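Working notes, beginning with the structure itself.
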Amino acid sequence: MGPVRARFAPSPTGYLHIGGVRTALFNWLLVKRYGGQFILRIDDTDSERNKPEALQPILDGFRWLGIQWDEGPEVGGPLGPYFQSQRLEGYKEAAYKLVQEGKAYPCLLSPEELKAEREAAEKAKKPYIHRGPGRNLAPEEALKLVLEGKPVRLKVTEGRKIVLEDLIRGRVEWDADLLGDPVILRGDGRALYNFATVVDDAAMQITHVVRAAEHLSNTAVQLVAFEALGVGQPRFAHVPVVNEPNSKKKLSKRDMAKFVTTEIKSKLMSIGHTAEQIAARDDLNPATVAFYRELGYLPEGLVNYLGRLGWSLDDHSEIIPIDLMTANFSLERVNDSPASFDPDKLYWVAGEYMKTLPLEKKVEGVLPFLKRAGIWGENESPARLEQLRRVITASGDRLKLFSDILQYGLPILLPSVAYDEKSFAKRVTKEGVPGHLAEFVDKLAALPDFEAATLENALKAHANDKGFNPALLIHGLRVSTTGIEVGAGVYDILSILGKDESIRRVRNALAKAGLV
RNA sequence: GGCCCUGUCGUCUAGUGGCCUAGGACACAGCCCUUUCACGGCUGCGACACGGGUUCGAAUCCCGUCAGGGUCACCA
């Protein structure tokens, strides 16, 4: 395959939809695989719905994911402008040209008449196929009417088949007789999507249109438009839609609110969002890219997951770094049935990427969450930073998302311990434990150093000496010093805390337990 | 309803006529490792929508049925 020019054409809606990203990613991968340009074209012709400030989140999202466009907003390109709202004249001219050539004609019927036609067809249980009375007008007369403000319809040639050789779905055919003449230009001169997209794809020399399968039906009229325009056709590839988790329904841009369950909400609140903030942002739900960014997912993980959704490298690869993906991507291996979005698997993939991330990158990623939690200032001491590094290292693979630092790091980093009462009762107040703790605190005070290995030896020796199960002390210490039962190894925790702080926390716990 | 698309474990997938008593991954369950949790290791659970053909042989090809989805605008 030669060089590819592929495009993604989002509407500026204020957020980047997961399904859209997957489609954009396939376009981008195709370009990276075969060489060429990935074009971002902004579909902002619907002025009521599209606000200019709604574009930025989309661009930010793509940049965060590492999906860079070669032509489009902010980067320009030779075949711009890349905003459809700035290309309106071109659509108009193209439509006029078609009218002059007799390939399109003015629609003479009023909206009311059209509605009546449609309803009559519906009542008669017949498919509604519009053929306008203006079809046979002489070109001069037709153009005059169009210039006077009549909408323009494309003439669909009857008595033949429209054939698409789709790169993913194979051969798809439509009977032209079942296709009504579509409106391509409104009375006020604004083009309709099906026409604008064709004019632009031709003008921008798009070679491959990779888009969601929901556009498959549209392709028939677009094919007719390409023909009428007398320009070369791109190749088409219709990728299956992305479904809701555990569902056969499309992951929809609408009704995304239902994904914000109480569980999701509490997760968002745990990273510092208030209920009001969540309610005010329509991009904070699991169907958007912003949501995963907000929770501290690694973009590499999201890209891997999305790339693997509907496409596979072979019979066993799951973790496919971007270089491997771009070197091997092909439309042939894109599935032709819909795929359900699986948040659990995404979480796992994100964790796999986190495992391989260098420590300094983890520190960097975790900082915003600590700052928002109010326990990290702008000028923390080197010692404090070193402590954070040790916390992250000790957390190990438990840290799958950057926001997980709140769960595993806070109990160590926070100066005061928030005790989980159930755990406290089970592991500290328990029979005999306070006594062991009190005794061991003195041992701790006498230790030559506070390395994890030293601590482990001392603890085991002490328990052996006294003849009790070391687990009693391990669990007691953990809860005394962090308040909770899960997290890094207890020796690591004590070592990070240091001698003074460890002893202070254990004594506090003993005081709380009613023993000093 | 018309047209179009799709149907392999709960989910993502491998499979292009014999390598398939259908392989891998996530999730789930159990065991081991670790005196927590996680990681890791092992084991288990679990699918070719159904019915007809074609063929020596079908998850794979054909037909039908059923099911799901998409689309039918002077929206994108």
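Here the structure is a predicted model, which means the values were calculated and not measured. Every chain is numbered from 1, with letters handed out A, B, ... down the list of sequences.
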Looking only at B:U6, B:C3, B:A76, the nucleotide nearest the A:D336 side chain is B:U6
| said: Is it the case that the ring center of A:F424 lies less than 6.0 angstrom away from the ring center of A:Y419? | reply: yes
Answer for the Watson-Crick or wobble partner of B:A73, both distances under 3.5 Å, is none
Taking B:C5, B:A76, B:C12 as options, the one with an atom nearest any side-chain atom of A:V172 is B:C5
Of the listed B:C4, B:A25, B:U6, the closest approach to the A:K345 side chain comes from B:A25
Next item on the list: Would you indicate whether the side-chain heavy atoms of A:N218 and A:Y193 approach each other to under 4.5 Å?
Entry: yes
State, with a plain yes or no, whether a side-chain heavy atom of A:F83 is found less than 4.5 Å away from one of A:D43.
-> no
* Taking atom C1' in both B:C3 and B:C26, what distance in whole Å separates the two? -> 37 Å
Re B:U54: Watson-Crick or G-U wobble partner, both distances kept under 3.5 Å, found to be none
How far, in whole Å, is B:G10 from B:C5 if one measures between their P atoms? 27 Å
Next on the checklist: Taking only side-chain N and O atoms of A:S217, does any of them lie within less than 4.0 angstrom of OP1 or OP2 on B:C4?
Outcome noted: no
* Asked: Side-chain contact, heavy-atom cut-off 4.5 Å: A:Y15 with A:P57?
  -> no
Regarding the side chain of A:H316, the nearest nucleotide among B:G24, B:C3, B:A76 is B:G24
> Looking at A:S317, does any N or O in its side chain come under 4.0 Å of the phosphate oxygens OP1/OP2 on B:G24?
Replying inline: no
- request: Ignoring backbone atoms, establish whether A:R169 has a side-chain N or O less than 4.0 Å from OP1 or OP2 of B:G70.
  value: no
Got a list of protein N/O to nucleotides 41-51 of chain B N/O distances below 3.5 Å?
none

- Item | Electrostatic pair A:E352:A:K355 at N-O distance under 4.0 angstrom | yes
Classify A:E173 by what it touches in the nucleic acid, base, sugar-phosphate, or nothing, heavy-atom distance under 4.0 Å. sugar-phosphate
Regarding the side chain of A:R308, the nearest nucleotide among B:G70, B:G7, B:U13 is B:U13
| request: Could you tell me whether A:H238 contacts a base, only the sugar-phosphate backbone, or nothing, with contacts defined as non-hydrogen atoms closer than 4.0 Å? | output: nothing
Here the distance between atom P of B:G2 and atom NZ of A:K125, to the nearest Å, is 10 Å
(Q) Within the 4.0 Å heavy-atom criterion, would you say A:D397 contacts the bases, only the backbone, or no part of the nucleic acid? (A) sugar-phosphate
Rounded to whole Å, CG of A:D344 lies from P of B:C26 at a distance of 12 Å
### Message
Regarding A:D166 and A:R171, does a basic nitrogen lie under 4.0 Å from an acidic carboxylate oxygen?
### Response
no
(Q) Applying a 4.0 Å non-hydrogen cut-off, can you work out what A:E214 is touching in the nucleic acid: base, sugar-phosphate, or nothing? (A) sugar-phosphate
*Sugar-phosphate, base or nothing in reach of A:A488, heavy atoms under 4.0 Å*: base
To the nearest angstrom, the OH-P distance between A:Y193 and B:U71 comes to 12 Å
Touch check for A:G396, heavy atoms < 4.0 angstrom, all strands: base, sugar-phosphate only, or nothing? nothing
Note to self: Counting the atoms with a prime plus P, OP1 and OP2 as sugar-phosphate, which does A:R211 contact under 4.0 Å by heavy atoms, base, sugar-phosphate, or nothing?
What the structure shows: nothing
**Asked** Using the P atom in both, what is the distance from B:G53 to B:U60, to the nearest Å?
**Response** 14 Å
*For B:G51 and B:C9, measure between their P atoms and round to the nearest Å.*
16 Å
Partner of B:G68 under the Watson-Crick or G-U wobble criteria, both distances under 3.5 Å, comes out as B:C5
Write down the distance separating the C1' atoms in B:C20 and B:A47, rounded off to the nearest Å.
13 Å
Assess whether a salt bridge exists between A:D181 and A:R135, defined as any Lys/Arg side-chain N lying under 4.0 Å from an Asp/Glu carboxylate O.
yes
- Using a cut-off of strictly less than 4.0 Å, decide whether A:K400 has a side-chain nitrogen or oxygen near OP1 or OP2 of B:C39. yes
Under 4.0 angstrom between A:T45 side-chain N/O and B:C75 OP1 or OP2: no
Taken to the nearest whole Å, NZ/A:K426 to C1'/B:C37 is 12 Å
### Message
If you compare every side-chain N and O of A:R153 against the phosphate oxygens of B:C74 (OP1, OP2), does one of them come in below 4.0 Å?
### Response
yes
Among the nucleotides B:C37, B:U8, B:A14, whichever has the atom closest to the side chain of A:R398 is B:C37
Next on the checklist: Taking B:A58 as the reference, what is the distance to B:G18 when you measure between their P atoms (whole Å, please)?
Outcome noted: 11 Å
To the nearest angstrom, the CD-C1' distance between A:E112 and B:A73 comes to 15 Å
note: A:I319, atom CD1; B:C39, atom P; distance rounded to Å ~ 14 Å
Under 4.0 angstrom between A:R118 side-chain N/O and B:G1 OP1 or OP2 = no
Separation of B:U34 atom C1' from A:R478 atom CZ, nearest Å, is 12 Å
**Aromatic contact, A:Y353 with A:Y297 (centres under 6.0 Å)** = no
Next on the checklist: Under 4.0 Å, heavy atoms only, any strand: does A:G489 hit a base, just the sugar-phosphate, or nothing?
Outcome noted: base
Review point. Given B:C12, is OP1 or OP2 found less than 4.0 Å from the side-chain N or O atoms of A:R333?
Key: no
Is it the case that A:H130 and A:Y128 place a side-chain donor and acceptor less than 3.5 Å from each other? yes
On RNA chain B, more 5' by nearest nucleotide between A:E318 and A:L216 is A:L216
If pairing means Watson-Crick or G-U wobble with both distances under 3.5 Å, then the partner of B:G10 is B:C26
To the nearest angstrom, the CD-C1' distance between A:E352 and B:A27 comes to 14 Å
* Is A:N335 near enough to B:A14 that one of its side-chain N or O atoms lies under 4.0 angstrom from OP1 or OP2? -> yes
* For nucleotides B:G46 and B:U71, find the distance between their C1' atoms and express it as a whole number of Å. => 35 Å
Note: for A:W311 and A:E485 on RNA chain B, the residue whose nearest nucleotide lies more 5' is A:W311
If the C1' atom of B:C39 is compared with that of B:A22, how far apart are they to the nearest Å? 31 Å
Looking only at B:U71, B:C74, B:G24, the nucleotide nearest the A:P111 side chain is B:C74
Ranking B:C12, B:C75, B:A14 by distance to the side chain of A:S340, first place goes to B:C12
Open item on the list: Please classify the nucleic acid contact of A:N243 as base, sugar-phosphate, or nothing, using heavy-atom distances under 4.0 Å.
Closed with: nothing
### Query
Would A:W311 and A:F329 count as a close aromatic pair, with their ring centres under 6.0 Å?
yes
Is the CD atom of A:E173 crowded by more than 12 outside heavy atoms at less than 6.0 Å?
yes
Does A:K355 place a side-chain N or O at less than 4.0 Å from the phosphate oxygens OP1/OP2 of B:G40?
yes
Carboxylate-amine/guanidinium proximity below 4.0 Å for A:R235 and A:E165:
no
Exercise. Please state whether the base of B:A25 and the side chain of A:D342 form at least one donor-acceptor pair under 3.5 Å?
Key: no
